[in-house]
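Only a predicted model underlies this, so the values are computations on that prediction, with no experimental measurement involved. All heavy atoms count here, side chains included; hydrogens, waters and symmetry mates do not.
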Amino acid sequence: MLQVQVLRNNPELVKAKLAVKHFKQLELVDEIVVLDDERKKIQTEYDTIQSKVNTASKEIGKLMGQGKKEEAEQMKAEVAAYKTQVSALNEQTIATETLLHDKLILLPNLPADIVPIGKTPEENLNVKEGGIIPTLHAKAVPHWDLIKQYDLVDFETGAKITGSGFPLYKGKGAKFQRALVQYFLDFNTAAGYTEYLPPFLVNKDSAYGTGQLPDKDGQMYHATEDDLYLIPTAEVPVTNIFRDVILKEEELPVKMTAYSPCFRREAGSFGKDVRGLNRVHQFEKVEIIQIVEPEKSYEVLDQMVTHVEALLQSLELPYRILRLCGGDMSFTSALTYDFEVYSTAQERWLEVSSVSNFEGFQTNRMKCRSKDGNNKTKPVHSLNGSSLALPRIYAALVENNQVEDGILLPKALHSYFGSDRLV
RNA sequence: GGAGAGGUGGAUGAGUGGCUGAAAUCAACGGUUUGCUAAACCGUCGUACGAGUAACAUUGUACCAAGGGUUCGAAUCCCUUCCUCUCCGCCA
């Protein structure tokens with residue numbers, strides 16, 4: 001959530017930035033400023049009258065103590081006259097604040113200055129490519145054929161157990177998944193991230209804190225009996241560790257990593273996009289999250305991008321890094337880099353990581369702040385990225401390393417998998 | 001799931017209707033003292049939103065798990081929800 005102060009300071013700039021994100025309801029900005037004015041006015045009135053009531057009430061207490069019943073009764077009558085005003089003002093306050101808040105949460109985060117102008121994924125800026133696209137043997141096939149041929153993942157049985165999009169990993173296919181998770185976590189903790197294993201269901205407050213609610217309500221699985229949501233990413237539980245927390249300055253930066261399954265309803269896709277492991281309802285992911293001082297958040301974003309890049313390099317996968325354009329960014333992000341790996345048999349790029357700076361958008365909403373040496377509370381920024389999302393990495397590794405009689409593994413995974421080849 | 005006991009500031013913990021935004025202790029921070037450390041002593045030590053200021057200062061309101069209610073006045077009384085602990089049940 002944006003701070004009202006930002007809108008007050010420069011409403012026209014805010015509108016211009018919102019336009020970069022292709023946000024339509026620009027009139028909200030002015031409406032919010034007006035509501036905020038109103039809110040202040042009402043509060044001042046309320047405070048004044050409530051102050052009188054409080055003073056009078058104390059006076060009554062004293063009078064009662066002195067046994068001056070009659071005078072006390074008289075004052076009670078006076079206070080009673082304020083009561084209707086107080087309750088009316090109170091209702092106005094709540095109504096105005098609610099309206100203000102409801103409008104404020106409709107605004108997406110403002111894009112950073114370097115966000116490319118554009119609406120579609122084609123307009124994302126390709127900032128870097130790395131790795132080598134391998135030349136596959138003549139009979140090379142996409143991963144959905146390979147995993148069937150070698151019996152690594154069984155989609156049919158997964159569909160029988162649960163439904164489509166819930167893969168059942170099997171044998172070496174399951175072990176490979178486990179090896180990848182282990183490797184990614186080790187890679188992250190080696191870089192100073194503290195490992196967490198969070199709850200996989202979260203309550204409404206948490207879903208709201210990181211911005212999944214109200215924006216992405218329909219994309220999460222919802223356990224209605226208990227009003228809990230299955231997490232779409234570890235970002236939700238892990239970032240919410242610091243909801244309503246005031247950090248000490250020396251505790252920053254907070255660096256966390258977590259493995260979790262991710263659950264996404266993702267209705268509406270079809271065709272090659274959802275073939276095989278390209279898009280599923282349940283997948284595994286290892287996430288990195290940081291909470292940092294505002295002045296450092298863009299430097300940290302670059303560090304996180306470099307970190308993920310190094311991980312991809314260690315997997316010997318061809319990759320490219322995209323700076324997302326305004327139209328392709330998430331609601332909550334100020335700047336996002338997507339990582340894609342090249343899936344040689346499918347001959348297409350697959351998104352495997354998304355690294356974002358949220359600036360104060362999540363922390364403001366979550367009421368996470370820091371306190372400096374002078375006891376001043378200061379805002380903090382939050383960032384996160386996938387490091388990495390498993391299924392598409394799995395797909396790319398399987399496809400790019402296929403040989404005629406099996407599937408090889410990159411060196412980094414040999415010790416984790418216990419072999420230099422998957423099959 | 002059943003029965004009981006609780007949820008107060010960073011921590012421990014007092015507080016059953018007004019003098020309590022909250023005692024006391026500890027921790028933390030600043031200072032005095034000190035060869036150094038420790039101890040002792042003095043001081044500071046919640047958050048949010050307003051008013052005010054160049055900025056401090058100062059000041060109003062709200063907040064004692066959350067939300068409602070009673071009352072002139074609620075941490076304190078009532079209701080609902082959530083959470084924790086103990087015992088029992090169930091269970092990986």
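- Of the candidate nucleotides B/C56, B/A48, B/U61, B/A48 has the atom nearest to the side chain of A/R369.
- If you take atom C1' in B/C85 and the same atom in B/U32, they sit 45 Å apart, rounded to whole Å.
- As the counterpart of B/G4, B/C85 is assigned, both hydrogen-bonding distances of the Watson-Crick or G-U wobble pattern falling under 3.5 Å.
- Between A/K40 atom NZ and B/G60 atom P there is a gap of 20 Å when expressed in whole angstrom units.
- Minimum atom distance to the side chain of A/Q50 is reached by B/A62, of the listed B/A62, B/G18, B/U47.
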Stepwise side chain to side chain donor-acceptor pair (under 3.5 Å) check, A/E309 with A/Y319: CA-CA 8 Å; A/E309 185 181 6; A/Y319 65 90; 2.6 Å; yes
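- Salt bridge status for A/D113 with A/K17: present, with a side-chain N to carboxylate O gap under 4.0 Å.
- One interatomic measurement links the two molecules: CD of A/Q43 to P of B/U59, which rounds to 18 Å at whole-angstrom precision.
- Using N1 to N3 plus N6-O4 or O6-N4 for Watson-Crick, or N1-O2 and O6-N3 for G-U wobble, each under 3.5 Å, B/A39 pairs with nothing.
- Going from atom CD of A/E97 over to atom C1' of B/A62 covers 10 Å, rounded to whole Å.
- Picking from B/A48, B/C49, B/G73 the nucleotide with the shortest atom distance to the side chain of A/K83 gives B/G73.
- Across the C1' atoms, B/A74 and B/U16 are found 11 Å apart, a figure rounded to whole Å.
- To the nearest whole angstrom, the two P atoms, one in B/U70 and one in B/A27, are 45 Å apart.
- Separating the NZ atom of A/K76 from the C1' atom of B/C72 is a distance of 6 Å, rounded to the nearest angstrom.
- Ring geometry, A/F187 versus A/H307: the interplanar angle falls from 30° to 60°, so the pair is classed tilted.
- Taking the nucleotide of RNA chain B with the nearest heavy atom to each of A/I94 and A/M64, the more 5' of the two is matched to A/M64.
- Nucleotide B/C45: unpaired (no Watson-Crick or G-U wobble partner with both distances less than 3.5 Å).
- For A/Q3 and B/A48, the CD to C1' distance is 13 Å, given to the nearest whole Å.
- For B/U71, there is no paired base (Watson-Crick or G-U wobble, both distances below 3.5 Å).
- In this structure, A/S57 does not reach the B/G18 phosphate: none of its side-chain N or O atoms is under 4.0 Å from OP1 or OP2.
- Base pairing of B/U58 is made with B/A51, judged by Watson-Crick or G-U wobble geometry with both donor-acceptor distances under 3.5 Å.
- On the P atoms, B/U8 is 25 Å away from B/G2, given to the nearest whole Å.
- Of the C1' atoms belonging to B/U53 and B/U58, the separation is 9 Å, rounded to the nearest Å.
- When the P atom is used for both B/A14 and B/G1, the distance is 31 Å, rounded to whole Å.
- In a base pair of the Watson-Crick type (N1 to N3 plus N6-O4 or O6-N4) or a G-U wobble (N1-O2 and O6-N3), with each distance short of 3.5 Å, B/A11 is matched with B/U25.
- Of the candidate nucleotides B/C72, B/A51, B/U47, B/U47 has the atom nearest to the side chain of A/K371.
- A/R421 has a carboxylate O that lies under 4.0 Å from a charged side-chain N of A/D405, or vice versa, which qualifies the two as a salt bridge.
- In terms of position on RNA chain B, the residue among A/V79 and A/K62 whose nearest nucleotide sits closer to the 5' end is A/K62.
- Separating the C1' atom of B/U12 from that of B/A48 is a span of 26 Å, rounded to the nearest Å.
- Pair check for B/A92 finds none; no Watson-Crick or G-U wobble contact set falls under 3.5 Å.
- Residue A/Y82 is classed as having no contact, given no heavy-atom separation below 4.0 Å to the nucleic acid.
- Here the nucleotide nearest the side chain of A/R39, chosen from B/U61, B/C72, B/G50, is B/G50.
- Ring geometry, A/Y208 versus A/H101: the interplanar angle falls from 30° to 60°, so the pair is classed tilted.
- The A/N54 side chain lies nearest to B/A62 when the options are B/A62, B/C72, B/G50.
- Between A/H281 and A/F166, the ring-plane angle classifies as tilted under the 30° and 60° cut-offs.
- Here B/U47 is the nucleotide among B/U61, B/G73, B/U47 with the atom lying nearest to any side-chain atom of A/T377.
- Closest approach to the A/T44 side chain among B/U61, B/C72, B/A51 is made by B/A51 (side chain taken as heavy atoms from C-beta onward).
- To the nearest whole angstrom, the two P atoms, one in B/A57 and one in B/U71, are 40 Å apart.
- Remark: B/U80 base-pairs with B/A66; criterion is Watson-Crick or G-U wobble with both hydrogen-bond distances under 3.5 Å.
- A ring-ring contact (aromatic ring centres under 6.0 Å, His included) with A/Y183 is found for exactly one of A/Y416, A/Y259, A/F176, namely A/Y416.
- Taking atom CD on A/Q5 and atom C1' on B/A48, their separation rounds to 15 Å, with Å as the unit.
- There is no side-chain donor-acceptor pair under 3.5 Å between A/Q402 and A/H143.
- When rounded to the nearest whole Å, the span between CD of A/E45 and C1' of B/A62 equals 17 Å.
- A/Q85 places its CD atom 17 Å from the P atom of B/C72, with the value rounded to the nearest Å.
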